[in-house]
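Read the structure below first, then the notes.
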Amino acid sequence: MREEKKINDWLRENRQKGIRFLQRLVQEGSTRGNESKAQAIIIEKCRKLGLSLDIWEIGEEVLLKHPVFCSDRTDFSGNPNVVGILKGTGGGRSIILNGHIDVVPEGDRKDWQHDPYSGLLADGKLYGRGSTDMKGGTVSLILAMEAIIHSDIQLKGDVIFQSVIEEESGGAGTLAAVLRGYTADGAIIPEPTNMKIFPKQQGSMWFRIKVKGRSAHGGTRYEGINAIEKAMLVITKLQELERKRNEKITEPLYQNTPIPVPINIGKMYGGEWPSSVPDLAVIEGRIGVAPHEQMEDVEKELENCLLELAQADAWFRKNQPTVEWFGGRWQPGNLNAGHPLLETITNSFEKVKESHPIIEASPWGTDGGILSRVGDTPVVVFGPGVTEVAHDANEFILIDVVFEAAEIIALAILDWCEIDS
């Protein structure tokens, strides 16, 4: 196909330009609340490509009051969402290309071999916080659009590119875009999947469980009830719940995932003094939500699990642990196996890679659940990043794979949106 060769030629001839753009984007750190300078780079590129731009600061009342909104941040001033539209001639299917500009903090800089925002190039890799999660993927999206535009290929359907904030904190940026009216016939999110294709995504929620005890002097600890020891019973119960929940998972796309929907204990604290029996212990964690599940049903399942503690422990009959749902909430995504969007990306992958892709369900949440559940937009998650190094020190991305992903995405756009000949 003549258009496919044009895409391949353009990407090959403009490789160094694409690398420099990714390098520049990684060098501009964009942790939460500091997204503006990286977004300015995106805006500059969108203007050069002639995209119709929509730049706005999120935080409108309809967003803050939406049942899916979750964030401890309500002031987003100075750090806008960016949408750039490549308008089609009409008659083709539309597609959203969704990337998040925010990155997680770099952590202890002593763990990094080089500055976390160096953008260092070495041995075919580009290093830096956000290179894999997910600026490399965002650059693949932009390269795909750029290749189409500079190859003078006219599409029938609209391409809606999104660079959103707040993905790492629950998806407020993508939710704001949906509420602003940005929906489509399909969407691609280039999260770090190691070039696997994820039509289904796990959701997740954060929980906080407070376990009450009774204080006493440590020398006569038998006169008190140790909240930390009682919290250990709660953790055992949560482990039992995790086992039961995962035994019910029959989704074939999870067959290579040891624990499809984990319950993770991420934080625990209790007590104020070594010589006192603690009267309160707090457990904070994350529960996974399967693609087919509703968030409210999973909440109820965990809450009912804790009620069962009273059957085996007299203390819990009068001192039931309390559950608070707080912080991050990522909606699950569930695209049917036979959906044409999945077929389109699979076919494009096979043309570029000359092999069949690995198709699985994601082990973590993305903004895909918001696009599909709130925006009624079918989503496939597929990107060039290295899952194992996302959020880790010395994060990197393979340059070759960024360009492979760009070519696959470009061909998928041509097929999905249709070429106007």
Side-chain angles (χ1 to χ4, degrees), residues 15-42 44-45 72-73 78-79 99-143 163-171 173 189-196 204 206 262 264-267 284 286 327-328 330 362-367 381 383-406:
R15 182 181 175 89
Q16 292 306 313
K17 185 171 71 171
I19 293 171
R20 286 195 297 271
F21 179 66
L22 174 56
Q23 199 169 26
R24 187 177 165 211
L25 203 58
V26 169
Q27 288 168 343
E28 198 60 75
S30 52
T31 51
R32 195 179 191 211
N34 301 294
E35 302 95 337
S36 60
K37 290 183 179 179
Q39 287 291 58
I41 295 171
I42 296 289
E44 176 189 25
K45 172 62 77 171
D72 58 357
R73 178 181 176 188
N79 299 284
H100 67 82
I101 198 68
D102 55 311
V103 302
V104 298
E106 63 270 19
D108 190 344
R109 287 184 173 236
K110 294 178 183 177
D111 294 333
W112 290 77
Q113 287 184 301
H114 307 280
D115 185 281
Y117 302 105
S118 67
L120 175 74
L121 284 166
D123 301 321
K125 301 174 182 177
L126 190 147
Y127 288 86
R129 172 59 80 228
S131 55
T132 263
D133 188 11
M134 62 174 288
K135 291 178 178 177
T138 294
V139 168
S140 291
L141 297 180
I142 291 173
L143 286 170
S163 181
V164 299
I165 66 172
E166 285 289 292
E167 188 276 342
E168 298 287 1
S169 305
I189 301 181
E191 290 281 5
T193 70
N194 288 357
M195 298 290 275
K196 297 177 182 179
S204 64
W206 291 359
N264 180 65
I265 306 302
K267 186 177 178 182
E284 293 182 359
R286 167 204 186 276
W330 287 265
S362 83
W364 23 253
T366 75
D367 277 357
V381 179
V386 186
T387 306
E388 293 77 13
V389 302
H391 295 206
D392 202 356
N394 303 307
E395 181 180 347
F396 69 88
I397 195 163
L398 296 166
I399 293 296
D400 284 349
V401 184
V402 172
F403 283 85
E404 285 181 349

Rounded to the nearest 0.5 Å, how far apart are [atom1] of [X] and [atom2] of [Y]?
{"X": "Asp392", "Y": "Glu106", "atom1": "CG", "atom2": "CD", "result": "13.0 Å"}
{"X": "Gln27", "Y": "Arg20", "atom1": "CD", "atom2": "CZ", "result": "12.0 Å"}
{"X": "Glu404", "Y": "Leu398", "atom1": "CD", "atom2": "CG", "result": "9.5 Å"}
{"X": "Phe396", "Y": "Ser131", "atom1": "CZ", "atom2": "OG", "result": "8.0 Å"}
{"X": "Leu22", "Y": "Ile399", "atom1": "CG", "atom2": "CD1", "result": "5.5 Å"}
{"X": "Ile397", "Y": "Tyr127", "atom1": "CD1", "atom2": "OH", "result": "12.5 Å"}

Check whether [X] reaches the backbone of [Y] with its side chain - one donor and one acceptor, N or O, closer than 3.5 Å.
{"X": "Trp112", "Y": "Glu395", "result": "no"}
{"X": "Thr132", "Y": "Pro192", "result": "no"}
{"X": "Asn79", "Y": "Gly33", "result": "yes"}
{"X": "Arg129", "Y": "Val104", "result": "yes"}

Identify the heavy atoms of [X] and [Y] that sit nearest to each other, and give their distance.
{"X": "Lys135", "Y": "Ala38", "value": "NZ-CB, 4.4 Å"}
{"X": "Ile41", "Y": "Glu28", "value": "CD1-CB, 4.0 Å"}
{"X": "Pro116", "Y": "Arg109", "value": "CD-NH1, 3.7 Å"}
{"X": "Ile189", "Y": "Met134", "value": "CG2-CE, 4.4 Å"}
{"X": "Gln39", "Y": "Ser163", "value": "OE1-OG, 2.6 Å"}
{"X": "Asp111", "Y": "Asn394", "value": "O-ND2, 3.1 Å"}

* **Criterion side chain to side chain contact (heavy atoms under 4.5 Å, CB included) on Val103 and Glu168, from CA distance to verdict** => CA-CA 7 Å; Val103 302; Glu168 298 287 1; 6.0 Å; no
* **Any side-chain heavy-atom pair of Thr193 and Val381 under 4.5 Å** =>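 Yes, side chains in contact.
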* Arg24 and Lys45, any side-chain heavy atoms less than 4.5 Å apart ->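 They are not in side-chain contact.
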* To do: Applying side-chain contact (heavy atoms from CB on, under 4.5 Å), name anything that partners Ala405, two or more places apart in sequence or on another chain.
  =>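 With neighbours one apart ignored, the set is Ser140, Met195, Phe382, Pro384.
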* To do: Show your reasoning for whether side chain to side chain donor-acceptor pair (under 3.5 Å) applies to Asn194 and Glu388.
  => CA-CA 9 Å; Asn194 288 357; Glu388 293 77 13; 3.1 Å; yes
* Could you walk me through whether Asp115 and Leu120 pass side chain to side chain contact (heavy atoms under 4.5 Å, CB included), step by step? => CA-CA 9 Å; Asp115 185 281; Leu120 175 74; over 6 Å; no
* CA sep, side-chain torsions, deciding dist, call: Asp102, Ser30, side chain to side chain contact (heavy atoms under 4.5 Å, CB included) -> CA-CA 5 Å; Asp102 55 311; Ser30 52; 5.7 Å; no
* Asked: When you check the side-chain N and O atoms of Thr387 and Lys196, is any donor under 3.5 Å from an acceptor?
  ->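 Short answer, no.
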* Asked: Does atom CG of Asp108 have more than 12 heavy-atom neighbours, drawn from other residues, nucleotides or ligands, at distances under 6.0 Å?
  ->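 Enclosed: over 12 neighbouring heavy atoms sit under 6.0 Å from CG of Asp108.
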* Verdict with reasoning, Arg32 to Ser169, per side chain to side chain donor-acceptor pair (under 3.5 Å) -> CA-CA 8 Å; Arg32 195 179 191 211; Ser169 305; 3.1 Å; yes
* Do Arg73 and Glu35 meet the salt-bridge criterion of a basic N to acidic O distance under 4.0 Å? ->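 Counted as a salt bridge, because a side-chain N and a carboxylate O are separated by less than 4.0 Å.
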* Ile19 and Val402: CA distance, side-chain angles, deciding distance, side chain to side chain contact (heavy atoms under 4.5 Å, CB included) verdict -> CA-CA 9 Å; Ile19 293 171; Val402 172; over 6 Å; no
